[in-house]
Q: 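This is the structure, below, for whatever I ask next.
Throughout, protein chains are lettered first and strands after them, A, B, ... in sequence-line order, and every chain is numbered starting at 1. Note that the structure is predicted; figures quoted are calculated from it, not measured.
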Number of protein chains: 2
Amino acid sequence: MPRGLRMRHLAMGPPWWHGRFHGAGFRITIPREAILEVLSKTQKHLSAEEIYLAVHRLHPAVGLTTVYRTLELLVHIGLVFKFDFGDSRARYELSSGPKGARHHHHLVCTACGRVIDYTDFIDEEVELLQQTEKGLAKKYNFKITNHLIQFYGLCDKCRSKE
Amino acid sequence: MPRGLRMRHLAMGPPWWHGRFHGAGFRITIPREAILEVLSKTQKHLSAEEIYLAVHRLHPAVGLTTVYRTLELLVHIGLVFKFDFGDSRARYELSSGPKGARHHHHLVCTACGRVIDYTDFIDEEVELLQQTEKGLAKKYNFKITNHLIQFYGLCDKCRSKE
DNA sequence: TTGTTAATGAAAACCATTTTCATTTATTGA
DNA sequence: TCAATAAATGAAAATGGTTTTCATTAACAA
């Protein structure tokens, strides 16, 4: 049986993101473990408070302040995306799991605030985006690390109410 | 010599957006005129306070509250776009002038916050976006009215500081 | 194990935005 | 042209998500 990285996961070794932390000189703490645990077990776009509540269930000692600070850190090192869907509170999402395959875009209903993730057309989009990124990077000497694509409109429910 | 509304604009006729207001049942007031005036004379992404300050120069009686309320209204009727560039204050931009040709996307520097508008590649993007919108609209029964595209990364100045 | 320093939690501060409410003003009908 | 009336406004207060402060705790290198 092969060893190495593979084994570490089957044997429940350190989570995949520990390396990212150590590499950047950050400490691995219980609140941080808990927050990443929560984020990695949901597909939803959680707000800081929702994350706090979920973490609080497991570790009541963890405070909201730490949740905010940790999220800021995670966004900074690129482990988490921060979104604004227009409801005056930020939403957070793991940018990619250990398998690194989560990228999606959003449909935001401007009437009820519902957010739909979609991955359809992502391939075509990504191809174009890469060309665009390349061109923009060159023209503006900009180092592009990320992009945000959101479509706004009315979801099926809100359409029928009109 | 003709009197009435016409005169107020030096025979230039009512601004192009008056129709949009009357049609939706909203009144045309001095603060609203002033706010649209300010928005139509800049290419920048102004914050509510910046708009307030600019309006204040012309009409000191106009308050910040009214600016917020008017912007909300303008966003609602689609005359203005509201953006979030991550600096904890919303930015506003006229969605289209009378000639309706202003659409662009943004490059946002995550280090210094600089925002660059670009219209390059817009044609190719728009073509793909239309296909995507069509597909998404069908699949999710979503009526898409708008989209947001932003690229994040480091601008030339911040790159060289690294 | 221990010393150093980052990380934390509670409470207070912050600040963009929203709400309240009394007053003003644009519009409509006489 | 002039009220009538309901929308719009401004000042001040409230709101609420997020950040800061500061004393305490805990991660981790030696």
Q: Quick one: pull up CG in Leu94(A) and CG in Leu36(A) and give me the separation to the nearest 0.5 Å.
A: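 It comes to 6.5 Å.
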Q: How close or far is atom C1' of dG17(D) from atom CD of Glu50(A), stated in whole angstroms?
A: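 Rounded to the whole Å, the gap is 13 Å.
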Q: Can you measure Ile51(A) atom CD1 to dG17(D) atom P for me and round it to whole angstrom units?
A: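 Taking atom P of dG17(D) as the reference, CD1 of Ile51(A) is at 14 Å.
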Q: Considering residues, nucleotides and ligands other than His76(A), do more than 12 of their heavy atoms fall under 6.0 Å from its NE2?
A: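 No, NE2 of His76(A) has 12 or fewer neighbouring heavy atoms, counting only those of other groups under 6.0 Å.
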Q: Applying the 4.5 Å side-chain criterion to the ILVMFWY set and letting contacts propagate, would Trp16(B) and Ile77(B) be lumped into a single cluster?
A: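 Yes, because Trp16(B) and Ile77(B) connect within a single hydrophobic cluster, where side-chain heavy atoms sit under 4.5 Å apart.
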Q: In whole Å, I'd like the distance from the CD atom of Glu72(B) to the P atom of dA16(C).
A: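 Glu72(B) atom CD is separated from dA16(C) atom P by 18 Å.
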Q: Same cluster or not: are Leu128(A) and Leu136(B) linked, directly or through other Ile, Leu, Val, Met, Phe, Trp or Tyr residues, by side-chain heavy atoms under 4.5 angstrom apart?
A: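 Hydrophobic grouping puts Leu128(A) apart from Leu136(B).
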Q: I need the single residue from His105(A), His45(A), Gln43(A) that forms a side chain to side chain donor-acceptor pair (under 3.5 Å) with Asp117(A). Which is it?
A: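 Only one option passes, and that is His45(A).
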Q: Would you kindly say whether His104(B) and Glu93(B) are connected by a side-chain donor-acceptor distance under 3.5 Å?
A: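 His104(B) vs Glu93(B): donor-acceptor pair found between side chains.
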Q: Please report the distance, rounded to the nearest Å, between CZ in Phe21(B) and P in dA7(D).
A: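 Distance, rounded to whole Å: 16 Å.
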Q: According to the interplanar angle, ranging from 0 to 90°, do the rings of His56(B) and Tyr52(B) count as parallel (below 30°), tilted (30 to 60°) or perpendicular (above 60°)?
A: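 Aromatic pair His56(B)/Tyr52(B) classed tilted.
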Q: Salt bridge or not for Glu50(B) and Lys44(B), using N-O below 4.0 Å?
A: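 No.
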Q: Give the rounded distance in Å between these two atoms: CZ of Arg91(B) and C1' of dT17(C).
A: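 Value for this atom pair: 15 Å.
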Q: Taking DNA chain C as the partner, which of residues 58-71 of chain B come within under 4.0 angstrom of it by heavy atom?
A: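 Within this stretch, Thr65(B), Tyr68(B), Arg69(B) sit under 4.0 Å of the strand.
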Q: Let me know the distance between CG of Leu73(A) and C1' of dT19(D), rounded to the nearest Å.
A: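 Going from CG in Leu73(A) over to C1' in dT19(D) covers 16 Å.
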Q: Indicate the ring-plane relationship of Tyr140(B) and Tyr118(A), choosing parallel, tilted or perpendicular according to the 30° and 60° boundaries.
A: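 Tyr140(B) vs Tyr118(A) ring planes: tilted.
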Q: Quick one: CG on Leu46(B) to CZ on Arg91(B), what's the gap to the nearest 0.5 Å?
A: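 Answer rounded to 0.5 Å: 8.0 Å.
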Q: Salt bridge or not between Asp156(A) and Arg114(A)? Use side-chain N to carboxylate O under 4.0 Å.
A: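 Looking at Asp156(A) and Arg114(A), the cut-off is met.
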Q: When every nucleotide of nucleotides 25-30 of chain D is labelled 5' to 3' by its protein contacts under 4.0 Å (heavy atoms), B for base, S for sugar-phosphate only, - for none, what sequence of letters results?
A: --BS--
Q: Among residues 75-89 of chain A, which residues get a heavy atom nearer than 4.0 Å to DNA chain D?
A: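 Hits under 4.0 Å, by residue number: Ser88(A), Arg89(A).
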Q: What is the distance, to the nearest angstrom, from the CD1 atom on Ile35(B) to the C1' atom on dG10(D)?
A: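 Result: 13 Å.
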